[in-house]
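Numbered from 1 within each chain, the chains take letters A, B, ... in sequence-line order.
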Number of protein chains: 2
Amino acid sequence: MTDTGGPPAGGENLLFLTDEQLRKGIEAMFFAYRGFTADPDRILSGMDYGRAHHRALHFINRMPGTTVNNLLNILGVTKQSLNRVLRRLIADGLVVSRVGRRDKRERHLYLSEKGEALERELSKAQRARMRKAYRAAGPEAVAGFRQVLEAMMDDEIRHQYLSLREGRS
Amino acid sequence: MTDTGGPPAGGENLLFLTDEQLRKGIEAMFFAYRGFTADPDRILSGMDYGRAHHRALHFINRMPGTTVNNLLNILGVTKQSLNRVLRRLIADGLVVSRVGRRDKRERHLYLSEKGEALERELSKAQRARMRKAYRAAGPEAVAGFRQVLEAMMDDEIRHQYLSLREGRS
DNA sequence: CTTGGAAAGTCAACATAGCTGACTTAAAAT
DNA sequence: ATTTTAAGTCAGCTATGTTGACTTTCCAAG
């Protein structure tokens with residue numbers, strides 16, 4: 001079923017596929033994600049917002065004018081769950097929702113000045129940690145990091161990720 | 001800090017530190033983590049367990065006989081939160097808690113046969129995804145992946161991660 | 001044109017899993 | 001003997017996920 005500690009199968013360059021190596025990768029992913037979210041979480045905890053608000057701000061900033069439905073697909077939560085978050089962000093004046101011109105069922109989302117300010121603060125902290133990690137590991141490690149992460153995504157999600165990279169909404 | 005044997009450290013090869021590149025890394029991390037947890041989540045959702053139970057099973061399996069306090073430090077949650085999870089796992093016969101021999105205040109945690117079976121199922125699914133990603137990206141990418149993740153952890157967490165790698169509890 | 005279905009969004013109610021604070025019990029350390 | 005530590009419990013709060021039921025709007029088939 002799974003090879004637990006046997007000799008490396010089929011040559012020495014498959015060593016990185018032993019269960020032991022895979023487990024290390026799994027734990028690295030777990031602990032690194034904690035660090036990844038730590039700084040924004042700290043900032044948000046003081047103002048009664050959470051990670052969900054951060055994610056919404058991030059992607060609205062990334063794709064101004066996006067519809068609720070589009071945001072839903074990217075975040076991978078139910079519309080009811082997202083709606084609760086958006087309602088607060090709109091009530092607090094961080095996000096602006098405009099009825100669609102062509103299709104009045106749609107709501108197009110934008111950040112207000114205030115929303116942009118908070119998004120900047122959050123992403124600045126998160127970028128600082130990422131920059132430190134990138135700098136410590138070097139360009140080639142970064143390339144490998146991105147390759148493995150991309151390969152780890154679900155296919156559909158990877159397509160969304162790649163579309164985002166190209167600046168399409 | 002500096003990469004060994006890469007191109008000379010001029011101005012241009014710091015391109016991977018632009019805000020744009022960092023943002024791509026941030027989004028890759030976000031989407032990849034979704035994939036990372038997707039398979040265990042699917043398995044667990046059918047049996048009224050959640051991610052918290054998975055994490056507890058993983059680390060008890062990893063460090064049999066660990067104390068509650070040690071597990072607390074590794075998981076980074078409050079004892080009340082962990083206790084809710086452990087109580088269920090013990091009641092359901094997945095985890096065994098034994099009073100310490102030397103220090104009777106401590107409880108040492110072990111997986112039962114049933115607990116080991118579930119842990120195997122969960123980690124098998126998660127390893128399969130990791131294996132696929134590793135295989136697609138190749139050994140050098142994997143090395144870079146791990147370097148960046150380690151650099152992304154909080155210092156204290158990184159020490160715990162490295163201790164785990166060496167098999168200490 | 002009307003009507004019926006589909007799509008987008010909203011409201012209500014519930015579950016999970018974090019959190020803090022206050023407390024008990026037992027054992028170890030001082 | 002007193003204090004500290006490890007573990008556990010109870011109560012209550014928050015954030016964020018879920019389903020189900022609903023309204024408004026759009027579009028297309030009859």
Exercise. Which of these, B:R129, B:R42, B:K132, sits in a salt bridge (Lys or Arg N to Asp or Glu O under 4.0 Å) with A:D154?
Worked result: B:R129
For this session: Among B:T66, B:N73, B:T67, find the residue that satisfies the side chain to side chain donor-acceptor pair (under 3.5 Å) test when tested with B:N70.
Result: B:T66
Exercise. Whole Å only: how far is the NE2 atom of B:H53 from the C1' atom of C:dT16?
Worked result: 9 Å
Exercise. Does any residue of residues 40-51 of chain B have a heavy atom under 4.0 Å from DNA chain C, and if so, which ones, in number order?
Worked result: B:G50, B:R51
Dump the pairs, protein N or O against N or O of nucleotides 5-7 of chain D, anything under 3.5 Å, distances to one decimal.
{"unit_1": "D:dT5", "atom_1": "O2", "unit_2": "B:R105", "atom_2": "NH1", "d": "2.6"}
{"unit_1": "D:dA7", "atom_1": "OP1", "unit_2": "B:V68", "atom_2": "N", "d": "3.4"}
{"unit_1": "D:dA7", "atom_1": "OP2", "unit_2": "B:N69", "atom_2": "N", "d": "2.8"}
{"unit_1": "D:dA7", "atom_1": "N7", "unit_2": "B:K79", "atom_2": "NZ", "d": "3.3"}

Exercise. Any idea how B:Y49 and B:H53 line up, ring-wise: parallel (<30°), tilted (30 to 60°), or perpendicular (>60°)?
Worked result: tilted
For this session: Please state how far atom CG in A:L75 lies from atom P in C:dG9, giving the value in whole angstrom units.
Result: 13 Å
Exercise. Considering only C:dG18, C:dT20, D:dG17, which nucleotide approaches the side chain of B:S81 most closely?
Worked result: C:dG18
For this session: Pick base, sugar-phosphate or nothing for A:G76, based on heavy-atom distances below 4.0 Å to the nucleic acid.
Result: nothing
Problem set entry | Basic-acidic side-chain contact under 4.0 Å: A:D19, B:R127 | yes
Problem set entry | Whether B:H54 and B:H58 hold their rings parallel, tilted or perpendicular, with breakpoints at 30° and 60° | perpendicular
For this session: Decide if the gap between the ring center of B:F59 and the ring center of A:F30 is smaller than 6.0 angstrom.
Result: yes
Problem set entry | Nearest heavy atoms of B:L22 and B:L17, plus distance in Å | CD1-O, 3.5 Å
Exercise. With distance as the sole test, does A:R55 use its side chain to make a donor-acceptor pair with the main-chain N or O of A:L75 at under 3.5 Å?
Worked result: no
Exercise. So, are A:E20 and A:R23 salt-bridged, with charged N and O less than 4.0 Å apart?
Worked result: yes
Polar atom pairs between nucleotides 12-15 of chain C and protein, under 3.5 Å, N or O only, would you list them?
none

For this session: Starting from P on C:dT16, measure out to NE2 on B:H54 and report it in whole angstrom.
Result: 19 Å
For this session: Keeping the roles fixed (side chain from A:R158, backbone from A:E150), state whether a donor-acceptor pair exists under 3.5 Å.
Result: yes
For this session: Please say whether more than 12 non-hydrogen atoms of neighbouring residues, nucleotides or ligands are located less than 6.0 Å from CD in B:E116.
Result: yes
For this session: Look at all strands and tell whether B:R88 reaches a base, only sugar-phosphate, or nothing, counting heavy atoms closer than 4.0 Å.
Result: nothing
